[in-house]
Structures are given as C-alpha cells and as structure tokens.
Enquirer: 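Have a look at the structure that comes next, please.
We count ligands from 1, going down the list as the structure has it; atoms in each ligand are counted the same way. All residue numbers in this chain count up from 1 along the given sequence.
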Amino acid sequence: MLTRDTVFSQFISYFPQADRVLFDRACALAEQAHRLQKTPDGRDYLQHSLEVAAILTRLKVDQTTILVGILHDFLATPDASRTEIEKIFGSEVLQLIETGHKISSIPYRQKNRQQVESFRKMFVAMARDLRVVLVYLADRLSDMRAIEHCGQARKESYSRETLEVYAPLANRLGISWLKAELEDLSLQILEPEKFAALTRRITTHKEERGDYIDKVGGQIRKLLVDNQLEGDVTGRFKHFYSVYRKMERTGVDLDEIYDLIAFRVLVDSVRECYEVLGLIHATWKPISGRFKDYIAMPKANMYQSLHTTVLGPFGERMEVQIRTHQMHSIAEEGVAAHWKYKEGGPVAAVGRDDKRFSWLRQVMEWQQDVSDHAAEESSFIDLFPEEVYVFTPQGEVKELPRGASPVDFAYAIHTDVGSHCVGARINGKLSPLKTELKNGDIIEVMTATHQTPRKDWLAFVKTSKARNKIRQWVKAEQREKSMLMGRELLEKALRKHQTSLKRALLSGLLEQAATEFGYRTTDDLFASVGYGKTSPGQVISHIVPRAEKSGDADRPDTDDQDKSSRRPSQSAILIGGIDNVMVRFAHCCNPLPGEPVTGFITRGRGLTVHTIDCLQVQTSDPERRIEVQWDMHRKTLRPVKIRVICEDQKGMLVGISGAISQADANIVSATVHARGDKKGNNLFVVDVENLEHLNRVIREIKRVKGVTRVERLKN
Ligand code: MN
C-alpha cells in the first residue's frame, strides 16, 4: 500500500519547492471522484493514482506532471468538473489532463491495427506535450503491475500492446528501467512457460550467482582503487526479456549462469570511462565485435555508455557497461532528464521547445533508420507511410498526407491563412510554397492580404481541403470575370440597337431571354456570353424586335481595328477549360499560340489576349485580368509581321519566299524597300500556327544567302 506521505517524500526529495497542499488536494479530489469506482481490474483508484505519481517521481518530473498523474483518470468520472480543476490547479494542469483524456478517447480506426493506432495516439500526445506521454507510460506500468487480475483475453492483448508500443516508446524516450519492467511484465503473460523457466534458473543458482557478483565485482573495484580511480561498481541480473530475446535470436539455450549478469561501472568523467575500459581490456581479453562506444556515438534516445564483453576470471563471457553518473541518470530518466521544467518560467519554456523539437526530429529520423535497415522493431516499420507530421511555430502538430506542401499546411490551419499565403519558412528557412514537407518540419506561413488562391497551386497541393478551396475560388473568380465581360459585350451590342442593358433588364426582356436560353438567372446568361458560349447577337435576337434588327446582329460587334483583330477567334483560347471563346488578340504584342498569355477585359470590347509580359497588361488594372490558356489541340493561323534585312541583290525576294514556303507558311503580304546603304528592307506578313512554327520560318529565312537579319515585329 502506497501512502500519500511516501509518494510526497519521494517527490520533495528532488523537487524542493513541492507543494504539499496542492498534492493533497489532488489526492482528495481523485479519491472523491472515484469513491464509488474501482479500476477495471478491481483496484482502488487512489492507490492507482498514487502509484502513477510514484512512478513519475522516479522520472523526476515537475509538479504539474505529478498533479496530472494523480488526476489522469479524473475526466472519466461522472461529475468531473473542469472548472474546479482549473480553479485549483491552473489551466496547464487542466490542459494536460484534457489532452490525455481526448487522446485516450480517440476510437481505434481499425480493430486489427490496434497497436499501430495506440502508437499513433502516443505520437500525437508526444508531439503536443511530452509530459502527457510520461503520464501515459506511468499509467501503463501501474496497470501492467496489476495485470494478473484481468481476464485472459484482456491480459494477452494488453501485454502485446505494451510490448509492441509502450516498451519501445519507453526505449525511445531513453527510460531504460521502465522499458525493462514493461517488457518483463508482458513476457510473463505472453510466454508464461519460458518466463517460469528463466525464473527457475535464477533461483536455482541464486547463491552461486550472488557469490560470482561479489567476487568479480570486488576484482573490478580493486582494479579501480589500484589505479587511483573512483567509481561505483554494481553487478545485476539482466532483465528477463533481454535474455529471452537473446535466446530466441541465437537459438542457444543459455546454460551459462553468467549470461544473466552484467556489471556496471559509474565514474565521474568521460576520460575516466575510457581509462576504466582500458583497465578492463588489459585485465581480461575482450571478445571481438562486442565493443560499442555509445559515448562517442550516442543512440538517438541520447543514451551514452561504453559496452564491452570480455572473457572473465573464470573464462566466462562477462558484460561490462561503463558510463558517467550523469549519463546514467539520463539512461534512467531518459528524455525527462534533459528536459527539466521550471514551473511557469518563460525562459525555461523557450528552451524546452527547442529541446522538444530537436528530440522529436531525432526520434523520427531514428524511425526512418529502422525502416531502412528493416531492423528488429518491425512493428514500427512504415507505421505512417501515408502521413507526414509537421509543426506550427507554437509546437502544435499537424498530420498531413505525404508530399503535402506549405499551402496544404496553411489551409490546415485556417482557410484564410491558406488563401492569403505568399510564402513559408521551413525550419526558419525561406522555402517555395511547393516544397514537399518532411517529418518534424516546423513551418511558419507568411500571408498577405492582397494574395488570393492561385490556380497553379492545384498542381502540387495534396489535401482535399486545399484543393477544394482553391478550385472554389478559381471558379468563382472566373465566373465573376465572365459575367463582367458578358455584361460589357451585351451593353455594347444593345447600344447598336438604340437600347441599353438597363432598359433590357428593366423591361424583363433579358430575364426572359435567360430563361429561353435555359439559364436560371441573367447573371448565368452574362457568364455564358462572357465565356463565349452564347454570342451577344444571339441574345439580341431574343430582345430586340425583329423589325428593328438591322440584320447583322449575329455578327460580332467590332470596331475600327485592323483585320487581324477583327477576326473573332474560333481560336485556340481556353478560359477555365471552356473552349470556343470569343477573343481578340492585342496589337501591342500580337501573341502566338504557345506563348504565355493572359486575358484582359477591355471595356466595351470584351476579352483581349496579350502576352504575359506585354507592357500594356503589366501596367493595367489586375482586377480586369483573367487567366487564359491556348487550346493547343486546335489549329489556327495567326498573322505575324517579319522584317528581313538583306543584301540588295537580285533574286533575294524569290529566295526568301521560297524559304517561307519551305517552312510550310503562307505569305499574306510583302513590302520591299531598298535602302540607301544597299540593303534591302523587306516586310512580310506570314500566317503561322504557333510560336514554334514562327521560329521554323525565321530559321529557314536566315539560311537564305544574303540575309543579314530577321526579326519578328510585334506591331
Ligand atoms: Mn489509469
């Protein structure tokens, strides 16, 4: 039976500012809340709470964690009051209890993947706050110590889960004793016969082994003293599970009593560790391949020690571990030793996050090592093949699909963050928005109010939330612009019939026309006109009485531009994937299929297509721009002006026109000037299919002898 006094004295022994009043209040609250309850295996709840706290004191945790340990099951009780917890113990305690409670109430997604799921829960908890995980582990150990009282089925599944999830987790956290005890308790349930055999073996030769430990331990101690070294020497039984594993692995039955024993030497400094190692190797012959230097190369869980096996005084295999006292406390307390909390200190909090992140990254890298080498911990391999875990600068974990980008992350935080994101800092480094996120990345999203979702993000986002939001936005934006364009086109067409959009709307004629075209609203009709699906002429014929029609209503309205622009394009332009759009091509830049282009809504003239770098577009109102693409499947000819400078000699023109037809292009017109300097200056208008075709034409012309320069004229 544990008493409050025992547990509290363990606590205050390393945590001098421990508050007895708070400690007692937590115990009283736990007792009161659970007074009518027993744990599922019939234990008294306060005993369980105290045991969890006692286990936590061995990890030298802070007061918050002890209080959370005592109250860890509190929220599962019928009239648990969150307000009460917060009032007495503060919001941090409440938050941690809540995190634990929430995570333990996540239902298993798939029954047969229970272990994986528990691991996931642990991982999520870990990412939020390591202290929750320590409480989980202590809770599990307390439960495992009472496992005998459970039914057989629960015993087995619980032990298996402990062995496959919790013990490896304790190992990752570097808490070796907790790992060992969880493993041995599980083994006892899962392999009762083998466990009994091991126990028998230990008890049969107990005295012999005691003698052996005394003798050899004494020899090692003497070795230290003779060499003016100070150190603690202990001999101990290795824990059952590690012996069992060794037997399973080697297939050898370990008759040698020595195989159950290992010696440990604790000294003050790293230099002394190597000195002791030297002494031991000089005294007993080391067995090759058994020396491990975890001081120079610490394990991912920060474990540091020297391990060696030598042929001992009786010709037996003898294991020795050598480490400093400090390394030893890390091996016992694990990550908690690195990560001492100072209650409420903001400075401590900052350092703590750094530690946590670097540590988490280590764990995750370690997990990747395991996968790479298909190592023993097979239950971890590809646990999360589809996910990547990343963090906000505040340390909040976000689970995203593999391959996700900062844009996905931004949308996962909030739609507004996603829609306005302009850049990202990954682990403090400015990174492109399409960067693939890696486990453990810390991501900071930069936003700007003028930014809006971009269609090209669709090419790399992985989450459906991001994809849907971007699509929605692009669609709405396209529609809005199409409506605006449709209105302008109709307005212009109606003016020619001495009426106006306003009048058509007021008279209800436009609404009627919309219905006749099968649209629900006039806005839908505007959009259709804007997209080029319906021509203004078609709409006009539904509005203007036949008599008033001048007969040319179906001809697209044009102005006094030159021929090239007047041709309505059946062309090659797609707006939001819709083809057959009516557009004009700008004179200023005369874009060719294949060139990057953008659309621009001109008041009264509908959509004009410019090259993306056209100065006129760049200086125009961005609100009136619209995204367009070339429909490269559609073949259209576009006229382009080419200037050819050549020697003024006979047959030049023939040569050049020959070259142009050689490139499968037609000459629309040609003007020839002779310049004073005996150079010919020829201007051709040639129909080409696209940019590539134009380049072919230019190449062919350049081949003609006497041609000195060929250039495309934009206008
Ligand atoms: Mn519990």
Side-chain angles (χ1 to χ4, degrees), residues 1-4 6-7 10-11 23 25-59 61 64-82 85 89 93-108 114-115 117-119 121-122 124-126 128-151 154-155 157-163 165-167 169-170 173 175 178-179 181-182 185-186 189 336:
M1 276 286 275
L2 276 167
T3 63
R4 293 183 191 188
T6 346
V7 178
Q10 279 168 30
F11 178 36
F23 179 87
R25 288 189 84 171
C27 290
L29 205 58
E31 190 170 29
Q32 186 200 347
H34 292 289
R35 69 193 177 282
L36 299 174
Q37 286 180 313
K38 294 266 175 203
T39 63
D41 45 53
R43 285 170 296 154
D44 173 66
Y45 253 111
L46 182 65
Q47 272 304 302
H48 172 56
S49 290
L50 282 173
E51 188 172 13
V52 169
I55 294 166
L56 288 169
T57 60
R58 255 188 96 172
L59 298 174
V61 298
T64 305
T65 316
I66 293 287
L67 295 173
V68 171
I70 295 169
L71 293 165
H72 74 276
D73 281 325
F74 181 76
L75 291 181
T77 59
D79 19 63
S81 154
R82 285 170 164 80
I85 294 278
F89 306 103
V93 170
L94 175 65
Q95 240 175 48
L96 291 174
I97 297 175
E98 245 170 353
T99 303
H101 181 66
K102 258 187 227 148
I103 288 161
S104 53
S105 22
I106 300 173
Y108 290 128
Q114 188 175 339
Q115 272 83 359
E117 291 291 340
S118 338
F119 182 79
K121 288 182 188 179
M122 297 278 67
V124 172
M126 188 153 77
R128 295 206 176 132
D129 197 313
L130 182 64
R131 292 176 293 181
V132 178
V133 178
L134 298 180
V135 173
Y136 259 112
L137 283 171
D139 185 28
R140 176 57 61 133
L141 180 57
S142 167
D143 287 350
M144 280 304 292
R145 283 175 181 170
I147 191 91
E148 289 152 67
H149 309 293
C150 293
R154 184 174 160 83
K155 259 188 194 171
S157 75
Y158 214 66
S159 300
R160 186 148 287 123
E161 191 185 42
T162 301
L163 199 57
V165 179
Y166 291 80
L169 182 61
L173 298 178
I175 313 165
L178 186 52
K179 163 187 175 271
E181 191 173 343
L182 287 175
L185 288 165
S186 306
I189 302 298

Enquirer: Looking at R4, I'd like to know if its CZ atom is crowded, meaning that more than 12 non-hydrogen atoms belonging to other residues, nucleotides or ligands lie closer than 6.0 Å.
Expert: yes
Enquirer: Check whether any side-chain N or O of R131 sits under 3.5 Å from a backbone N or O of V68 as a donor-acceptor pair, and report yes or no.
Expert: no
Enquirer: Is a donor on one side and an acceptor on the other found under 3.5 Å between the side chain of S159 and the backbone of K155?
Expert: yes
Enquirer: If the test is ring pair (Phe, Tyr, Trp, His ring centres under 6.0 Å), which one of H149, H34, H72 qualifies with H48?
Expert: H72
Enquirer: Could you tell me which residues satisfy salt bridge (Lys or Arg N to Asp or Glu O under 4.0 Å) with R82, sequence neighbours excluded, listed by chain and number?
Expert: E98
Enquirer: By residue and atom, what protein N/O/S atoms are less than 2.8 Å from the Mn ion (ligand 1)?
Expert: H48 NE2, H72 NE2, D73 OD2, D139 OD1
Enquirer: Would you check, one step at a time, whether the test side chain to side chain contact (heavy atoms under 4.5 Å, CB included) holds for R145 with I55?
Expert: CA-CA 12 Å; R145 283 175 181 170; I55 294 166; 3.8 Å; yes
